[in-house]
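One structure is given below, encoded as structure tokens.
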Amino acid sequence: MALRQLTDRVWVETEHLGSNNGIVSGGDGRLALVDAPHRPTDAIAWAATVAGLGTPEFLVNTDHHPDHTIGNRWLPGTVVAHRLTRSRLVDAAPTRAYLRDLFAVIDPAAVALVDDYEVRLADVTFDERMELFVGDRRLELHHAPGHTANTILVHVPDEGVLFTGDDVCNLGLPAFLDATVERFFDAIEQARALDFEHLVPGHGDPGGRELLDRHRDLGREIVGRVADARDRGDTREDCSDRIRFEDLIHAGVGGDPGYPDDLVEHFQRRSIEQIFDDLETDPSLRDR
Ligand SMILES: [Zn+2]
């Protein structure tokens, strides 16, 4: 566990397996949380850590993926997310079989919790933009479809902090299967247009605005590699067999195991196929 105080009123935990977990304090004992841990045992411990700083009024999910939403179950606060984050969790809730297999690898102590696990859905949703007020701090939530169609940015202007969800990561690239090439780059530019000093990525260490360029460059590199292979006549399947990108997001942390190898392999293959398909539709995307 590595809880870090980023500014006067913002804390970030970067060493949970899964998403970064943020805390914004309103200065009056009330808090807003950004994303929930993936491992149930982390979520239970996180609830205790958070309680040491105040009482969560809101819990914001930046997308619907399990590594941002599973832990909702063990955290208090009104859950706030994009409308599609809620509906996609309704349509494709993780099954108990999936959770049992996953927890057996990433959180064996949590397998016993699967039987009475229920997804905790958003209580409040929005489409384009929403403001949350906690004490004397304001959170601006912006729909910024990039990593997923429903990813949101969480801007805390008074702290100069931007939580980007997985629109920007700092541990290699996130899985691309819910993204499109066009949106991937658009979302980075949408983040760039906001005024902030500290960037909290969906995964990996916080930094400054330079993380925008680093993430864009990694995206350009992988799109370029798929485009080059396609130009040489490689098929979709060739590309998905051969091209791999750096993904430390799904690797273990602190001696604990990371995600099952077959899941990581699935993310890689589907990501490359998505990029290939987008380039088929519009080859000029390689120049983004
Ligand atoms: Zn994520």
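Since we're looking at a predicted model, the values are computed, not measured.
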Discussion item. Quick one, Leu17 with Asp256, criterion side-chain contact (heavy atoms from CB on, under 4.5 Å). Give me CA distance, side-chain angles, the key distance, then yes/no.
Written reply: CA-CA 8 Å; Leu17 178 67; Asp256 289 327; over 6 Å; no
Using a strict threshold of under 4.0 Å (side-chain N to carboxylate O), is an ion pair present between [Y] and [X]?
X	Y	result
Glu131	Arg138	yes
Asp167	Arg183	no
Arg216	Asp213	yes
Arg244	Glu265	yes

Check your understanding: Does His215 have its ring centroid less than 6.0 Å away from the ring centroid of Phe184?
Key ->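 Yes: the rings meet the under 6.0 Å criterion.
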- [ ] For the pair Arg96 and Asp116, evaluate salt bridge (Lys or Arg N to Asp or Glu O under 4.0 Å) and give the outcome as yes or no after the intermediate values.
- [x] CA-CA 9 Å; Arg96 286 190 213 289; Asp116 56 17; over 6 Å; no
Taking atom types as modelled and ignoring hydrogens, do the side chains of [X] and [Y] form a donor-acceptor contact shorter than 3.5 angstrom?
X	Y	value
Thr235	Asp238	yes
Asp278	Gln274	yes
Asp35	His68	yes
Thr41	Asp107	yes

Residue [X] excluded, over 12 heavy atoms near [atom1] under 6.0 Å:
X	atom1	result
Glu237	CD	no
Glu182	CD	no
Asp287	CG	yes

Can you spot which of His250, His147, His203 makes a ring pair (Phe, Tyr, Trp, His ring centres under 6.0 Å) with His65?
->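 One option only clears the test, and that one is His147.
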Same apolar cluster (I L V M F W Y, side chains within < 4.5 Å links), [X]/[Y]:
X	Y	value
Ile152	Leu89	no
Val80	Val200	yes
Leu6	Leu139	yes
Ile70	Tyr98	yes

Q. Would you call the rings of Tyr117 and Trp74 parallel, tilted or perpendicular, where under 30° means parallel and over 60° means perpendicular?
A.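 Correct class here is tilted.
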**Report entry** Those residues that, when tested against Phe103, pass ring-ring contact (aromatic ring centres under 6.0 Å, His included) (two or more places apart)
**Finding:**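 Applying ring-ring contact (aromatic ring centres under 6.0 Å, His included) to Phe103 gives none.
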* Take Ser19 and His38 through the test side-chain contact (heavy atoms from CB on, under 4.5 Å) and record every step on the way to the result. => CA-CA 7 Å; Ser19 58; His38 194 180; over 6 Å; no
Please give me the minimum heavy-atom distance between [X] and [Y], naming the atom from each residue.
X	Y	value
Leu33	Pro76	CD1-O, 4.5 Å
Arg209	Leu194	NH1-O, 3.0 Å
Gly207	Leu211	N-CD1, 3.5 Å
Ile243	Ala229	CD1-CB, 4.0 Å
Pro206	Val12	CG-CG1, 4.4 Å
Gly77	Asp123	O-OD2, 4.2 Å

- Dump the intermediate steps for salt bridge (Lys or Arg N to Asp or Glu O under 4.0 Å) on Arg9 and Asp158, then the final yes or no. CA-CA 9 Å; Arg9 301 281 190 83; Asp158 300 320; over 6 Å; no
Let me know which of Asp63, Asp178, Thr85 forms a side-chain contact (heavy atoms from CB on, under 4.5 Å) with Thr151.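 Only match with Thr151 under side-chain contact (heavy atoms from CB on, under 4.5 Å): Asp63.
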Margin query: Please determine whether salt bridge (Lys or Arg N to Asp or Glu O under 4.0 Å) holds for the pair Arg236 and Asp277, giving the CA-CA distance in whole Å, both sets of side-chain angles, and the decisive distance to 0.1 Å.
Written below: CA-CA 8 Å; Arg236 182 180 196 261; Asp277 292 344; 2.8 Å; yes
